[in-house]
Amino acid sequence: MPHETSGQVEGLRYDSACARPGGRTARTGKAVMDATIAELSEVGYAALRIESVAERAGVNKTTIYRRWGSKAGLVAAAFIERQGEVSPPVDTGDLRTDLLSFLREVRRAFESPWIAALIRETGPRSVRNDEIHEVLDQIWPARFALSRAIFTRAVERGDLPRSADPDFLVEAAAGPLYFRWLFLGRELTDDFLECTTELVLQGASRPRSSGAAHADGP
């Protein structure tokens, strides 16, 4: 059930770290993760069935339930397992280069079939999709913290004013990509990424007035 998800996800890193490399547990885990990713790519989260994952992985469904607890726990584990596919933001010492690299990484994520399937299915939080949001709530903060480092470093170097808000700038940079790709169905071209980069940099370089509202404000 959705309210059990948080506890399940917290144990996933421990489960992954304790699997003996090359052992039966590790081989089973890899087979199940690969099967989960394949199923997500083909049918999405809502239609994903533990039985189908088990059949594809060549394991008993009870093995999956015993180790990952539920579909939500299984998908969260797959996300964590595949974090290595998404590189941390580079640190070249140049904000424009770092930001453009970050946006290209976002584009690469959209090109991954299983990530694309999850993003399309997630949508605004509602009773219908609350379970998948419970999973993502455990995963996005770590990735968000890595992304905001681009702007935090720029502030520390003096490339951006102290009033710059790294969290808001991550949203301002990645938001146009989500809108163009998810809602308009248009290609994320190199030119679009470069224009987005320039727009964000121009806005970020302007000091905020003392009376400016916070990004989370009205």
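None of these values were measured; they are calculated from a predicted model.
More than 12 heavy atoms of other residues, nucleotides or ligands lie within 6.0 Å of CD in E51, so this atom counts as buried by the packing criterion. Residue R186 qualifies as open at atom CZ: its count of foreign heavy atoms under 6.0 Å is 12 or below.
With contacts defined as side-chain heavy-atom distances shorter than 4.5 Å, the pair R67/V32 does not qualify. The shortest side-chain heavy-atom distance between D98 and R153 falls under the 4.5 Å cut-off. With contacts defined as side-chain heavy-atom distances shorter than 4.5 Å, the pair I37/S41 qualifies. Looking at heavy atoms from C-beta onward, D191 lies in side-chain contact with C195 at the 4.5 angstrom threshold. Annotation: side chain of W68 is not in contact with side chain of V75 (no heavy-atom distance under 4.5 Å). The closest side-chain heavy-atom distance from D165 to F151 is not below 4.5 Å. Taking the side chain as every heavy atom from C-beta outward, E198 and R96 approach each other to under 4.5 Å. Counting heavy atoms from C-beta outward, L99 and L169 have side chains that stay 4.5 Å or more apart.
Closest non-hydrogen pair, D167 versus R148, comes out as OD1-NE, 2.6 Å. For E171 against P176, the heavy-atom pair with the smallest separation is O-CD, 4.3 Å. Counting all heavy atoms, side chain and backbone alike, V155 lies closest to A164 at CG2-CB, 4.0 Å. Closest approach of A57 to A31, counting heavy atoms only: CB-O, 3.6 Å. Pairing each heavy atom of L177 with each of L188, the nearest pair is O-CD2, 3.8 Å. What you find for A78 and T36 is that their closest heavy atoms are CB-CG2, 4.0 Å.
Using a 4.0 Å cut-off between charged side-chain N and carboxylate O, R107 and D190 make a salt bridge. Using a cutoff of 4.0 Å between basic side-chain nitrogens and carboxylate oxygens, E111 and R108 are not scored as salt-bridged. Taking a cutoff of 4.0 Å between a charged side-chain nitrogen and a carboxylate oxygen, E42 and R56 qualify as a salt bridge.
Between the side chains of N60 and T62, at least one donor N or O lies within less than 3.5 Å of an accepting N or O.
Listed by chain and residue number, K30, R82 satisfy the side chain to side chain donor-acceptor pair (under 3.5 Å) test with D34 (two or more places apart in sequence, or in another chain). For E55, there are no side chain to side chain contact (heavy atoms under 4.5 Å, CB included) partners at least two apart in sequence or on another chain.
One finds the CG atom of D159 at 8.5 Å from the OG atom of S205 (value rounded to the nearest 0.5 Å). One finds the CG atom of D94 at 11.5 Å from the OG atom of S101 (value rounded to the nearest 0.5 Å). Rounding to the nearest 0.5 Å places CG of L100 at 12.0 Å from CD of E105. To the nearest 0.5 angstrom, L160 atom CG is 5.0 Å from L95 atom CG.
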Given the rule in the salt bridge (Lys or Arg N to Asp or Glu O under 4.0 Å) test, do R180 and E187 qualify, once you have shown the distances and angles that lead to the verdict? CA-CA 8 Å; R180 182 181 177 92; E187 183 181 357; over 6 Å; no

Test side chain to side chain contact (heavy atoms under 4.5 Å, CB included) applied to V53 and V59, step by step: CA-CA 9 Å; V53 173; V59 302; over 6 Å; no

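Checked by atom type and distance alone, the side chain of T196 pairs as donor or acceptor with a backbone atom of F192 at under 3.5 Å.
Cluster membership check: L199 does not share its hydrophobic cluster with L193, using side-chain heavy-atom separations under 4.5 Å among Ile, Leu, Val, Met, Phe, Trp and Tyr. When hydrophobic clusters are built by joining Ile, Leu, Val, Met, Phe, Trp and Tyr residues whose side-chain heavy atoms come closer than 4.5 Å, directly or via intermediates, V170 is grouped together with F179.
Using a 30° and 60° split on the angle between ring planes, F110 and Y178 fall in the perpendicular class, above 60°.
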